[in-house]
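Note sheet for the following structure.
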Amino acid sequence: MWLKFGLIGGLTAVFAAPAVAKGPSVYLDIAAGSALIDRGEELAETVVETAIGVEQAFGTGTVFAEIYRISPVGGDNDAFAEEVDFAAGYSFEAGGQDITLGAAYLTFPGAGEDNSLELTGEIAFNGPFSPLIFGFYDADFETYGFEALAGPNWDVGNWEAYALARLGTVQPDEDASWTYYGAEVGAAALGCDRPVRQPALGTKR
């Protein structure tokens, strides 16, 4: 087992089409970051992340579907692959906590890498620093892991600034496992009342 550390920063803009009388709502997230580090592994140096999705109230929660794209930019990103994920899930409240369950099909167009199906779940606790626990299982590579993250957020004019600390572990099927920790700082410009998911099922920050 070995340790990794990462510090990244970014800006996020969120837009949404207004819902019509209990109908579905469409949202678009666009984020630019100084790096993309997912579960202790660097996926890109300078990166633009785009997510477009639709969500609909269903039962006591919300069902959603999303397409998420990672686009490395700049000459230093030749070693990093573009990624497009197709995710769907269901979010609901239980015991005063927010729970999200879902699945994402991960693809790497043009990179020659194997696609895979990932099952995910997260619990967001309603408490100081908004702690969250996230878990995943890759059904094709039989890899699983967990991550805990928390941090404050505060308003800066029309922006919401945030800081996150994270700690996680990954257990591959054959290779050695690893534990990682890191920090992230950034700001989000919100074009609607929909909060930025951190992390969303499709979005890995």
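Since we're looking at a predicted model, the values are computed, not measured.
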> Distance-only, no hydrogens or angles: does the W178 side chain make a donor-acceptor pair with backbone N or O of R39 under 3.5 Å?
Replying inline: yes
> Below 4.5 Å, heavy atoms only, C-beta onward: do Y27 and E66 meet side chain to side chain?
Replying inline: yes
> Could you give the distance from CD (E147) to OG1 (T169), rounded to the nearest 0.5 Å?
Replying inline: 11.0 Å
> If you round to the nearest 0.5 Å, how far is OG1 of T50 from CD1 of I30?
Replying inline: 5.5 Å
> About how many Å separate CG of L132 and CD1 of I123, when rounded to the nearest 0.5 Å?
Replying inline: 8.5 Å
>> Any heavy-atom pair between the side chains of Y90 and L101 that's under 4.5 Å?
In response: no
>> Is it true that, when you exclude F58 itself, more than 12 heavy atoms of the residues, nucleotides or ligands shown sit nearer than 6.0 Å to its CZ?
In response: no
> Between E49 and V47, is any pair of side-chain heavy atoms under 4.5 Å apart?
Replying inline: yes
> Under the side-chain hydrogen bond (donor to acceptor under 3.5 Å, both in side chains) criterion, do Y162 and E184 qualify, and how do the steps go?
Replying inline: CA-CA 8 Å; Y162 67 89; E184 176 181 344; 2.8 Å; yes
> Run the side-chain contact (heavy atoms from CB on, under 4.5 Å) check on N115 and D140 step by step: do they pass?
Replying inline: CA-CA 8 Å; N115 302 335; D140 291 286; over 6 Å; no
> Given side chains that start at C-beta, do those of V84 and P109 come closer than 4.5 Å, heavy atoms only?
Replying inline: yes
> Between V63 and I99, is there a shared hydrophobic cluster once you connect ILVMFWY residues whose side-chain heavy atoms come closer than 4.5 Å?
Replying inline: yes
>> Donor-acceptor check, side chain of N153 to backbone of E160, threshold 3.5 angstrom: yes or no?
In response: no
> Are E83 and Y68 close enough that a side-chain donor and a side-chain acceptor fall under 3.5 Å?
Replying inline: no
> Measuring from T100:OG1 to E93:CD, what's the distance to the nearest 0.5 Å?
Replying inline: 11.5 Å
> Looking at F134, does the NZ or CZ of R166 lie under 6.0 angstrom from its six-membered ring centre and within 45 degrees of the ring axis?
Replying inline: no
> Looking at CD1 of I133 and CG of L167, how far apart are the two atoms once the value is rounded to the nearest 0.5 Å?
Replying inline: 11.0 Å
> Between CZ of R69 and CD1 of I52, what distance do you get to the nearest 0.5 Å?
Replying inline: 12.5 Å
>> Once ring pair (Phe, Tyr, Trp, His ring centres under 6.0 Å) is applied, what residue pairs with a partner in residues 93-125 remain, sequence neighbours excluded?
In response: none
>> Tell me every residue that passes ring-ring contact (aromatic ring centres under 6.0 Å, His included) with F146, counting only those two or more places apart in sequence or in another chain.
In response: none
